[in-house]
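Computed over heavy atoms, backbone and side chain alike; hydrogens, waters and symmetry mates excluded. Just so we're on the same page: letters track the sequence lines, and every chain starts at 1.
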Amino acid sequence: MQQYDPHFIEEKWQKIWDKNDIDLMQPDNEKPPYYVLEMFPYPSGDVHMGHVRNYSIGDVISRYKRMQGFNVLHPIGWDSFGLPAENAAIKQNSSPQKWTYENIDKQRASLRRLGFSYDWSRVVITSDADYYQWGQWIFLKFWEMGLVERRSSPVNWCPDCNTVLANEQVLGNDGHCWRCKTIVEKRELEQWYFNITSYADELLEDLDELKGWPERVKQMQANWIGKSTGANVVFTLCDENGNATDETITVFTTRPDTLFGCSFFLLAPEHPLALRLSKGTEYEAAVNTVRLSVEKASSVEREMTERDKNGAFTGRYVINPVSNQAVPIWVSDYVLMEYGTGAVMAVPSGDQRDFEFAKKYGLPIPPVVVSKDDPLLAELANQTDTRLLDVPWDEAYTGSGFMVQSGEFTGLAGGKDSEGSSAVINWLSERGLGSASVNFRLRDWLISRQRYWGNPIPAVHCKHCGIVPLPYEDLPVILPLDLDVTAGESLADHKEFCEVNCPLCRQPARRETDTMDTFTCSSWYYLRYVDAHNKSLPFDGDTADKWLPVDQYIGGIEHAILHLLYSRFFTKALRDAGLLGSTGARSLLQLGEPFKNLLTQGMVKLDGETMSKSKGNVVPPEDMIARYGADTLRVYILFMAPPDKDLEWSQEGLEGIWRFLNRAWRSVYDLLGECVVDSENNVLSIYDQDLTSADADLRGQDLNRDIHRVIGKAKDDIERFNLNTAIAAIMELLNSVSAYIKLPRELRNEELCRRAAEALTLLLAPMAPHIAEELWCVVLQNERKGSVHAQAWPAHDPSQAQATMVELAVQVNGKVRARITVAQDANEAEVRTEAQAAVATLLDNAEPRKIIVVGGKLVNIVV
RNA sequence: GCCCGGGUGGUGGAAUGGCAGACACGGAGGUCUCAAAAACCUUUGUCGCGAGACGUGUGGGUUCAAAUCCCACCCCGGGCACCA
């Protein structure tokens, strides 16, 4: 008998698989396509346990699906543009590309060493020109579609990374940079945007279609998109007596039903009107103070003073369009310039913030929507004019109720999206004073970065023509590699790169030197894999529509908003792109959603912290592979926890998996009748000589049953991603085998032995591919049937997974008091009689009130 | 504040409303050995010598039966948050 030598067999089979192309997707295959994808790695160093987990899960799915008869596409690549490469280059006095490609080589070697079944013919590396040029192509396509804009607005600036960030890249309460954790600043800058907001509604609506996504992720995206329904209401500027001017200000509100309760009006301090209205008046100084305090405050300071609302009166008024009263205009720091119109109708009785502000500055708080349980309702039931000024409440009432003091609307149901709201909206619409409206929290995606190691934005600044997109023929814009970042050089210092002629007027012009956010690269890589070597398009539409959506996408929850939202946007935009542009008759893509099923794998932590290169708490898999081999490590990390749960890394238990694989190895030999020995030739096969052929029959039945049961359970578990319990089930089968091989050889059923050995091997194949292959091809001598990974998943017969005799628990009043063994198909009357007999002494002749029989499980006798 | 997860032995974790703790790790004891390792066997939720009692964050409820369903609450993790 050969000893289990993981290093020898793992290296041997990796070479053979590679030579035979067993992991490549077969384009012409008739089998149904299945696309399984793990989020591609960032080459920040060598792989760590988080990667091992992510890619082990994906590998099990891909191998399992292959055994289920699918033509599987399982590709890999690298998300290799980005700031860490630049920082590392500066630190190591090297270059970003050297660092990046060395890391890719290291990671590739590690992934190969782990035996993942990737289609290595389709590798996508985002910093390769033959990939990123298509990112530029898509940029131009988006430009054609009106999805690209360059504009000036307040942006997030990371002082450490020296670049702007998208809203999605600013995290936490304190507003820190997603990459370096530095607190970001606000700056007013001209930047490039993708108009993701034009897809806001669709991005939200289509979440409902994503049945295979975790609820949590959909919730997070819905939160982020933040849709509010309500109305725009037009207010007219007036003097303090209510004499109208011809100037209007529009506000957005989710509560048009409370419009009668609007007793003052608010502008964001940065609002241009705020300054203008108070200019040259006695109020100017106070308004300015509020404005300056907001401008200076960083997000941290804003956090600290969060609930403390400050404001100032502007000296001017607007007319409340329904009550015709003049209400004062204030500025306040709690009104955000970025949301809605930067102006708010304040209804202090119906909004807690307005309530606090009104209390602080002594402004009126008339009730307009009153709870049905509030005594105030009876008092005001028929009150149509605004009479009572301050509500007797301690806080605003934001729930639903009935409208009071609201003219003709008095008595209607009030609340969010209520009857009263619709009535007020209709009334306003008829008079041109407002309309139903929707607002989103989602902002456009700021995609330009003032960094070198990224995809150049294909545009030119021309003195005569303005900002000009490059024509498609001028692509690619190659990122120059002869730049010395260690000397502080940036793209703007690279003369040959910057000096170009304007594509329109042919005059000398300057090339755009910002690069695109790395997230633009990762927003469509899954499309490139299906047609990775296409030289004329980013991908072929027919091929993409055949393979996509990705059947199973696997990655970390940290991308719930960032990457997963951007990718959905790209897919939708690309779907709409072909219909407009120069790609010909066919739409580029039919598909609207890229990922059909999503598994968000939990993070691998060390001492409660996520493992990552930047935190320096990475556990490399090398030592463990060196000691136990890749199979042991793979099975271990899958066995530790269900895939979607976070996991605290610990090496305790790794040894147990090593023992498990060794035991499986020896058991297969034993099942084949070989004498099992250890490395020092001590005989390990121990047969129990006292066993009879009757024992052999019973154990044979047990083993046969477990073969069928475990094949079924492992299948169900893998399909539900309960990979830990799938492994536990295989361990149970092995335990059953161990019991059987206690039988002396002459008592064993040879056919059963072979069936058990093959089942064990096939079930192990997705998780521990190398040992399974060696057992299959060499030990079981099945080489002529081909690789274990080309076999069909073993069949099972559920009827044979049932025991003929089953043990039932007998409960009296819900407590287990006895056990009986009955035939699996015993009828209920028999079971009742036997159960009662078993607990007769306890029942003490009392007549049972009720007997519940749960098939195959228990009997409960209620007395 | 709003919205999601989660809370089960010493540990990781199992349980379509039906015997809580599968499968492992760790511990204890044993076999083999001059000895050790490996392997194998027994045992291992808590309390109790025992019969037995108690046990899934807390308190109630529904049910013949609750880790699982309902109500209230506590704790941990995550997302959003002065979004009108």
Side-chain angles (χ1 to χ4, degrees), chain A residues 171-173 214-224 226-228 230 251-255 258 266 268 302-303 305-309 332-336 338-347 350-354 356-357 398 439-442 557-558 560-561 608 636 639-642 644-648 650-657 659-660 662-663 666 676-680 682-686 722 724-732 734-735 738 742 807-817 819 848-863:
Chain A
L171 309 177
N173 286 335
E215 219 36 62
R216 181 157 66 129
V217 175
K218 291 193 275 186
Q219 201 80 46
M220 282 164 76
Q221 291 209 355
N223 255 342
W224 186 259
K227 180 177 181 172
S228 300
V251 297
F252 173 73
T253 178
T254 57
R255 293 293 303 278
T258 63
L266 291 165
R302 271 212 299 280
E303 162 82 358
T305 57
E306 189 178 344
R307 306 270 161 203
D308 191 20
K309 297 167 180 48
S332 177
D333 49 10
Y334 76 92
V335 179
L336 305 173
E338 311 91 81
Y339 187 75
T341 60
V344 172
M345 61 175 236
V347 182
D351 182 283
Q352 186 56 24
R353 295 156 299 176
D354 299 344
E356 285 164 23
F357 192 81
T398 56
N439 249 278
F440 292 96
R441 213 196 69 96
L442 182 72
I557 185 76
E558 67 272 20
I561 292 171
Y636 177 55
F639 184 63
M640 279 181 89
D644 56 348
K645 266 193 70 172
D646 281 358
L647 183 128
E648 175 66 31
S650 149
Q651 219 164 303
E652 305 272 315
L654 185 59
E655 193 89 25
I657 300 299
R659 284 201 289 262
F660 163 59
N662 269 286
R663 209 149 65 84
R666 292 195 306 265
V676 173
V677 296
D678 69 11
S679 54
E680 280 151 38
N682 299 315
V683 174
L684 297 177
S685 311
I686 302 163
N722 292 340
N724 55 331
T725 52
I727 293 165
I730 300 170
M731 288 172 169
E732 286 176 34
L734 180 59
N735 289 344
S738 296
K742 291 271 150 46
E807 192 181 68
L808 303 186
V810 181
Q811 297 182 332
V812 178
N813 293 336
K815 299 226 174 228
V816 180
R817 297 295 176 183
R819 288 172 189 286
R849 277 202 302 150
K850 202 171 177 184
I851 299 177
I852 291 121
V853 178
V854 183
K857 299 228 160 111
L858 57 74
V859 183
N860 191 9
I861 300 172
V862 187
V863 293

Could you give the [atom1]-to-[atom2] distance, from [X] to [N], as a whole number of Å?
| X | N | atom1 | atom2 | answer |
| --- | --- | --- | --- | --- |
| A:Asp333 | B:C82 | CG | P | 12 Å |
| A:Leu647 | B:C25 | CG | C1' | 14 Å |
| A:Asn223 | B:C83 | CG | P | 13 Å |
| A:Tyr636 | B:C25 | OH | C1' | 8 Å |
| A:Ile561 | B:C3 | CD1 | P | 17 Å |
| A:Glu558 | B:C4 | CD | P | 22 Å |
| A:Glu215 | B:C4 | CD | C1' | 9 Å |
| A:Leu684 | B:C32 | CG | P | 16 Å |

(message) Using only modelled atom types and a 3.5 angstrom limit, is any donor from either the side chain of A:Lys309 or the base of B:C82 paired with an acceptor on the other?
(response)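 Answer yes: a donor N or O sits under 3.5 Å from an acceptor.
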Enter the distance from [X]:[atom1] to [Y]:[atom2] here, rounded to the nearest 0.5 Å.
| X | Y | atom1 | atom2 | result |
| --- | --- | --- | --- | --- |
| A:Arg353 | A:Lys309 | CZ | NZ | 8.0 Å |
| A:Phe252 | A:Asn439 | CZ | CG | 4.5 Å |
| A:Gln221 | A:Leu442 | CD | CG | 10.0 Å |
| A:Asp646 | A:Ile557 | CG | CD1 | 9.0 Å |
| A:Phe357 | A:Asp351 | CZ | CG | 12.0 Å |

Expressed in whole Å, how much space separates the [atom1] atoms belonging to [N] and [M]?
| N | M | atom1 | value |
| --- | --- | --- | --- |
| B:G77 | B:C41 | P | 43 Å |
| B:G17 | B:U11 | P | 27 Å |
| B:U16 | B:C83 | P | 42 Å |
| B:G57 | B:U44 | C1' | 25 Å |
| B:U56 | B:C69 | P | 15 Å |
| B:U68 | B:A15 | P | 15 Å |
| B:U8 | B:A22 | C1' | 13 Å |
| B:A37 | B:G55 | C1' | 40 Å |

How is [X] classified with respect to the nucleic acid when contacts are heavy atoms under 4.0 Å: base, sugar-phosphate, or nothing?
| X | value |
| --- | --- |
| A:Val251 | nothing |
| A:Lys742 | sugar-phosphate |
| A:Val344 | base |
| A:Pro214 | nothing |

Would you say the side chain of [Y] lies within less than 4.5 Å of the side chain of [X], judging by non-hydrogen atoms?
| X | Y | answer |
| --- | --- | --- |
| A:Val810 | A:Val816 | no |
| A:Gln811 | A:Leu858 | yes |
| A:Phe639 | A:Met731 | yes |

Does OP1 or OP2 of [N] have a side-chain N or O of [X] closer than 4.0 Å?
| X | N | result |
| --- | --- | --- |
| A:Arg441 | B:A81 | yes |
| A:Ser228 | B:A84 | yes |
| A:Arg666 | B:C40 | yes |

* Would you kindly compare A:Gln219 and A:Lys645 by the position of their nearest RNA chain B nucleotide and give the one closer to the 5′ end? =>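 Counting from the 5' end, the first nearest nucleotide belongs to A:Gln219.
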>> Quick check on RNA chain B: between A:Asp646 and A:Thr341, whose nearest nucleotide comes earlier from the 5' end?
In response: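 Closest to the 5' end, via its nearest nucleotide, is A:Asp646.
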Applying the Watson-Crick and G-U wobble criteria at under 3.5 Å, what pairs with [N]? Answer none if nothing qualifies.
| N | result |
| --- | --- |
| B:A66 | none |
| B:U56 | none |
| B:G5 | B:C76 |
| B:A28 | B:U42 |
| B:C23 | B:G12 |
| B:U33 | none |

Suppose we screen for side chain to side chain donor-acceptor pair (under 3.5 Å). Which residues come up paired with [X], at least two apart in sequence or across chains?
| X | answer |
| --- | --- |
| A:Thr398 | none |
| A:Arg663 | A:Asn735, A:Ser738 |
| A:Glu655 | A:Tyr628 |

Does B:G9 sit syn or anti, given that only angles within 90° of 0 count as syn?
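Syn, which is what one calls it when the glycosidic angle falls within 90° of 0.
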Requested in this report: Using salt bridge (Lys or Arg N to Asp or Glu O under 4.0 Å) as the criterion, list what pairs up with A:Lys218, not counting sequence neighbours.
Outcome: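 A:Lys218 satisfies salt bridge (Lys or Arg N to Asp or Glu O under 4.0 Å) with A:Glu215 once adjacent residues are dropped.
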Tabulate protein N/O versus nucleotide N/O from nucleotides 52-54 of chain B, keeping only pairs under 3.5 Å, one per line.
{"residue": "B:C54", "atom": "OP2", "partner": "A:Lys815", "partner atom": "NZ", "Å": "3.4"}

Nucleotide by nucleotide, nucleotides 17-24 of chain B touches protein heavy atoms under 4.0 Å in the pattern (B base, S sugar-phosphate only, - none) -BB--BBS
